[in-house]
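Owing to the predicted nature of the structure, the values given are computational and were not obtained by experimental measurement. Letters A, B, ... are given to chains in the order of the sequence lines, protein chains preceding strands, and every chain is numbered from 1.
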Amino acid sequence: MNKEYFPQEIEKKWQKVWEENNTFHTPNDSDKPKYYALSMFPYPSGKLHMGHVRNYTITDVIARFKKAQGYNVLHPMGWDSFGLPAENAAMKHGADPAKWTDENIAYMTKQLKMLGLSYDWEREVATCKPEYYKWTQWLFLQLYKKGLAYKKEAAVNWCDECGTVLANEQVIDGKCWRCDSVVEKKYLSQWFLKITDYADRLLQDLDKLEGWGDNVKTMQANWIGKSHGAILKFKVVEKDLEIPVYTTRPDTVHGITYLVVAPEYKDIEALTTDENRQAVEDYRANARKLTEIERLSTDRVKTGVPLGTHAINPFTGEQFPLWTADYALVEYGTGAVMAVPTHDERDFDFAKKYNLPMKVVIENPENPSNCEDAAYTEPGVLVNSGQFNGMKNEDAKKAITQYAVDNGFGEFKTQFRLRDWLVSRQRYWGAPIPVVYCDKCGIQPVPEDQLPVLLPTDVDFSVVGKSPITTSKAFKDTVCPVCGGHAVRETDTMDTFVCSSWYYLRYADAKNSEKCFDKDLADKWLPVDQYVGGIEHAILHLLYSRFFTKALHDLGLVGFDEPFKNLLTQGMVLKDGSKMSKSKGNTVDPDEIFENYGADTARLFILSDSPPARDFDWSDAGVEGCYKFLNRVWRMISTNQDKITLDYVIPETRSKVNDDLIRMAHISIKGITNDIANDFQFNTVISKYRELANYISDWTNKAQWTDEDKNVFSFAVITLIKLMSPVAVHMCEEIWTELGAKTSIHEEKWCEWDENLAKSSSITLVVQINGKVRDKIEVDEGLDQEELKKIALESPKARESINGKTIVKVIVVPKKLVNIVIK
RNA sequence: GCUCCAGUGGCGGAAUCGGUAGACGCGUCGGACUUAAAAUCCGAUUGGGCGAAUAACUCAGUGCCAGUUCAAGUCUGGCCUGGAGCACCA
C-alpha cells in the first residue's frame with residue numbers, strides 16, 4: 001500500500017472498475033425491501049455547481065447507507081433538459097438547442113461520475129428526448145380527456161424578455177422567476193391544467209406528509225389559501241341584476257355601506273349610469289395600464305369611482321352605492337366585495353378617503369369602539385344587527401349565512417387562492433402540446449398512435465417577437481384526425497415543469513417504449529422514500545408533482561396519491577456569507593476541487609460543516625482541513641498495514657486500553673448510525689469519524705503490538721473505514737482491497753453495535769449544590785441511588801459548600817448526578 | 001400585516017428525556033522536528049476576577065424580560081433581531 005494518499009489515481013481507478021462491474025445497477029426483482037432515494041434532477045446548464053454537489057452527495061450517502069443496511073436501493077439520475085437557456089444559446093450563437101443540451105449533459109455526466117455517485121445509469125432519463133416527451137404528451141392527452149387540461153382566454157402573466165407567458169407560481173414579486181424582468185398582464189388564449197380541482201386534496205393531504213418539514217407544508221398551505229365564508233347576493237336597484245359577493249365576514253352584513261366591483265367585473269358596464277360612464281371608463285383604462293407590482297402594492301393609496309347605481313341589503317332593506325376600485329380583484333371570489341368600513345381595514349381606508357358612511361355592528365362589550373380612527377377587526381358581539389344582536393360574531397357567521405340560505409340569497413362557500421396552472425409557452429425548446437386546430441372540427445387532440453409530435457428542425461432562431469417554432473414550414477400544416485380536412489398544429493410547447501412533474505415515475509421503468517411506465521413497477525418503487533432538493537421548489541415543482549400524482553392516481557395509472565414520502569430541503573451553498581453566483585464572482589468550481597483534492601475530500605467537506613437543511617458557508621480552509629483528515633487516516637493505516645488482518649478475532653479477555661478501544665468503536669457505530677437515522681445529521685457523523693480516528697491514532701502510540709493488540713486494532717480500523725465508506729467512497733474501497741478483500745466495500749453490510757460494549761463501565765457522577773456543579777467523581781456504573789447519594793454527601797467539595805446549612809432534599813438522577821438542595 | 005424558521009466562543013457548529021454548555025472542526029497563539037521553509041506532530045484557546053505568565057480558586061455566561069422546576073440552551077408567556085414565504089385574497 002502506498003505510504004501517501006493520491007486521490008486522483010485512486011478515484012479514477014475505482015470509477016472505472018465500478019462502471020465495468022455495473023456495481024450500482026438496481027434490479028427490479030429482489031428479495032430485499034425497496035428504498036427509493038432521489039435528488040431533484042438538474043437542468044443541464046453546462047457545469048455542476050456546488051449546490052448540485054451538496055444535493056447529490058447527501059442523497060448518495062443516504063442511498064449507500066440504506067444499501068448497506070440491506071435495502072434494494074433505487075438511486076437514479078436524469079436531466080430536466082427542456083427550457084429557455086438552450087434556446088437562448090441558439091439565438092445568440094446559432095447553436096442547435098438539441099446539440100447544445102447534449103453537450104452539456106455529456107460534460108455534466110462526466111462530472112457526476114467524477115464525484116463517485118452511485119447511480120444506476122441504465123435508468124437515466126432526459127425530458128427533451130422524444131422517447132420521454134412522447135409520454136409527457138400522452139399524459140397531457142389523458143388529462144385533456146378527463147377535462148383537466150383546457151384552453152381559455154384569460155388575463156395571464158407575460159414576460160417580454162422571455163417572450164412567453166408564465167404560471168402564477170413563476171411570478172415572484174411581480175417579476176419573472178427566470179430573468180427578473182417585470183411581468184405584464186395580457187389577455188390571451190392559453191392552455192391550463194385544472195389544479196384547482198385538487199385544491200382541497202392538496203391541502204388536506206399535507207397532513208399525511210409526516211416526513212416533510214413544516215416550512216414547506218405551510219408554504220404550500222398558504223399558496224393554496226383555503227378560506228371559509230359565504231356568497232351573499234345583492235339585488236341592484238336600477239337594473240334587473242344581482243351581484244354575488246364572497247365574504248369571510250357574513251357577521252358584519254348589517255354594516256355594509258357600499259359595494260365594490262373590480263374594474264374588470266363582467267357586468268360593470270351594465271351597472272354604470274350614463275352620468276358616471278366617462279369617469280368609470282377612464283378609471284378602467286388607467287387600471288389596465290398599471291403593472292401588477294403597482295397595482296398590488298399595499299402602500300398605494302386606494303382609488304375608485306362610483307358607478308351611480310345602488311344595491312339593496314336584504315337584511316336591512318337599506319340601499320347603498322356601487323363603486324369600482326382596483327383593490328377588488330377580478331380573479332378572486334366573485335370579483336365583488338361588500339364593504340364594511342367599520343370592521344375591515346381596507347374598506348376603512350377607502351371609506352375615509354371618499355367620505356362614505358360607517359356603521360358599527362361588532363363591539364367588544366368591555367371596551368366598545370366607535371371605529372372613528374380604525375376598523376375593529378377583533379372578535380366581539382353583534383349590535384345594530386336586528387334579530388342577531390347580542391350574538392357572538394363567530395356564531396353569527398353561521399347564523400347569518402344560514403338565514404341567507406333559507407331566504408334564497410346566499411350560500412356557504414369555501415374559497416381557494418390557488419389558480420389553475422398555465423402550462424402553454426410560446427417557445428421552441430419544450431414538448432409540443434399535442435393538439436391540432438381543424439377549420440371545421442375545432443380543437444382536436446392528436447391521436448395517441450401519432451405520438452410523439454416531434455419538434456421541427458427547420459426553424460429560424462433569429463426571429464424576434466414570436467416563437468421560433470412558428471417559422472417551421474413542415475410543422476404547422478396538418479390534417480384533422482376527425483374529418484381529414486386542413487388543420488394547423490398548436491405551436492405552443494409545455495412548461496418544463498410539466499415534464500418534471502412525472503420524471504420520478506419514469507425511473508421505475510425508464511426504457512419502456514410501450515407505456516409511460518408499467519403500473520406494477522411504479523407501485524413497487526414509489527412513493528420516493530427520500531427526496532432531496534432545494535427549498536426553491538417548495539411550491540413550484542413539489543406542488544405540481546403532487547397534483548400530477550393525484551391526477552394519475554385518479555386515472556388509474558398509479559396506486560398511490562402522494563409521490564414523496566420524506567423530503568429533505570437542503571440549504572444553499574454560500575461563500576463569504578452570500579449565495580454563490582457568477583455575477584458576484586464568488587463561485588467555486590467543482591472541477592478544481594476534484595483536481596486539487598479529489599472527490600472524497602469534496603464529499604466529506606460538503607457534508608461536514610452544517611446540517612443538511614441549513615445554509616453551508618464554503619471555506620477553502622475547511623476543504624484543506626478535510627483533505628488533511630483523509631491523509632491522516634490513510635497514513636495511520638498505510639504505516640501499520642502489516643498489523644491489520646481482515647480475519648481478526650477479538651480475544652475474550654483483554655487489556656484495559658484494548659477494551660476501551662473496542663468500546664470507542666461501538667460507541668462510534670451507535671452514534672453514527674443514529675445520527676444518520678435522525679434526519680441525516682452528517683455534520684455530526686463526520687465529527688464522530690474524527691473522534692474515532694483520533695482515538696485509534698492515540699492508541700497506536702501506546703500499542704505494544706501483541707497479537708491481541710493487532711486483532712483489536714484490525715477491528716477498530718476496519719470499523720472506521722466501513723463507517724466512512726458511504727462518504728469517502730474511493731479511499732475506503734482502496735484501503736479495503738489493499739487489506740486483502742476480494743469484494744467491494746460497497747457490498748459490505750453496515751456495522752452493528754453491541755449495546756453492552758457501547759457504554760462505559762464507569763461514569764462521572766456530577767455533584768450539584770442548588771443546581772450548581774461543585775464536584776465530579778468517577779464511580780462504578782452499578783451503584784444504586786442510596787450509594788450515589790452517600791458518595792455525593794461525602795464529597796469534600798460538597799461538604800465545604802454545605803458548611804452547616806440545612807439539607808432540604810437530595811435529588812438523585814441514576815447514573816448521572818446528585819443535586820443537594822440546601823438552605 | 002400574516003405564516004414559518006433561526007438566534008450558543010473570533011468563525012462553522014455540538015449538546016436523546018430538562019441534568020457537566022461549548023463535542024468535532026476552522027482560525028489564532030505557543031512549542032517540537034528542520035540549516036530554513038513546507039508538510040507533520042504536541043499543547044492552549046467562552047469572558048471576567050484574583051494570581052506572576054503556571055496551577056488552584058471564583059463569578060458570569062446560550063438574543064432580551066418574566067415564569068415553571070431541585071435543575072432551563074432545552075419547557076411556558078411576552079418582546080427584540082435576522083432569514084424565508086405569502087400579501088389590497090374581501
Side-chain angles (χ1 to χ4, degrees), chain A residues 4 172-173 213-223 225-227 229 245-249 252 259-260 262 295-300 302 325-329 331-340 343-347 349-350 415-419 535-536 538-539 571-572 574 577 605 608-611 613-626 628-629 631-632 635 671 674-675 678 681 683-694 697 701 764-776 808-822:
Chain A
E4 294 300 318
I172 315 289
D173 287 335
D214 282 341
N215 52 345
V216 178
K217 286 197 277 189
T218 45
M219 277 163 73
Q220 291 210 356
N222 287 343
W223 189 261
K226 184 177 185 174
S227 69
V245 305
Y246 172 72
T247 180
T248 54
R249 295 297 306 273
T252 64
L259 191 151
V260 174
R295 181 157 169 190
L296 292 183
S297 163
T298 35
D299 312 328
R300 213 174 124 241
K302 290 182 178 41
D326 63 6
Y327 81 90
L329 306 173
E331 318 94 276
Y332 186 76
T334 63
V337 184
M338 63 177 227
V340 183
H343 305 296
D344 181 282
E345 284 168 18
R346 291 152 306 184
D347 299 344
D349 292 345
F350 193 80
Q415 182 72 39
F416 294 93
R417 284 153 83 166
L418 184 70
R419 314 282 155 79
I535 186 79
E536 67 273 17
I539 292 172
M572 288 186 299
L574 312 176
F605 177 58
S608 67
D609 262 14
S610 291
R614 247 194 261 183
D615 286 349
F616 178 93
D617 210 337
W618 183 273
S619 88
D620 295 335
V623 184
E624 196 75 39
C626 286
K628 284 179 186 171
F629 171 66
N631 270 286
R632 216 156 49 231
R635 234 176 295 120
N674 288 341
D675 282 357
N678 180 20
Q681 292 180 46
N683 54 328
T684 55
V685 167
I686 284 155
S687 68
K688 281 166 183 144
Y689 291 162
R690 292 176 186 272
E691 280 174 276
L692 179 58
N694 291 346
S697 178
N701 295 333
T764 307
L765 181 73
V766 174
V767 182
Q768 296 182 335
I769 305 291
N770 287 349
K772 297 200 165 169
V773 179
R774 282 295 174 273
D775 203 2
K776 293 171 192 180
V808 183
K809 66 173 156 179
V810 179
I811 284 144
V812 181
V813 182
K815 297 176 185 179
K816 268 211 181 107
L817 66 79
V818 176
N819 189 14
I820 302 164
V821 186
I822 59 170

Self-check item: Side-chain donor-acceptor contact under 3.5 Å, Asp347(A) with Tyr327(A)
Solution: yes

For [N] and [M], measure between their [atom1] atoms and round to the nearest Å.
N       : M       : atom1 : value
rG7(B)  : rA56(B) : C1'   : 36 Å
rG10(B) : rC29(B) : C1'   : 13 Å
rG22(B) : rG73(B) : P     : 12 Å
rG63(B) : rG82(B) : C1'   : 11 Å
rG27(B) : rU81(B) : C1'   : 27 Å
rG48(B) : rA32(B) : C1'   : 33 Å
rU74(B) : rG19(B) : C1'   : 11 Å
rG31(B) : rU54(B) : C1'   : 16 Å

Practice problem: Kindly indicate whether the side chain of Asn819(A) and the base of rC70(B) share any N or O donor-acceptor pair separated by less than 3.5 Å? | Solution: yes

Quiz item: Looking at rC70(B), does its base get a donor-acceptor pair with the side chain of Lys809(A) below 3.5 Å?
Solution: no

Quiz prompt | Those residues that, when tested against Asn222(A), pass side-chain contact (heavy atoms from CB on, under 4.5 Å) (two or more places apart) | solution = none

Quiz item: Tyr332(A) ring centre to Arg417(A) NZ or CZ under 6.0 Å, with the angle to the axis within 45°?
Solution: no

Quiz prompt | Rounded distance (Å) that lies between atom P of rG25(B) and atom CD of Gln681(A) | solution = 18 Å

Quiz item: Which part of the nucleic acid does Asn215(A) contact within heavy-atom distance under 4.0 Å: base, sugar-phosphate only, or nothing?
Solution: sugar-phosphate

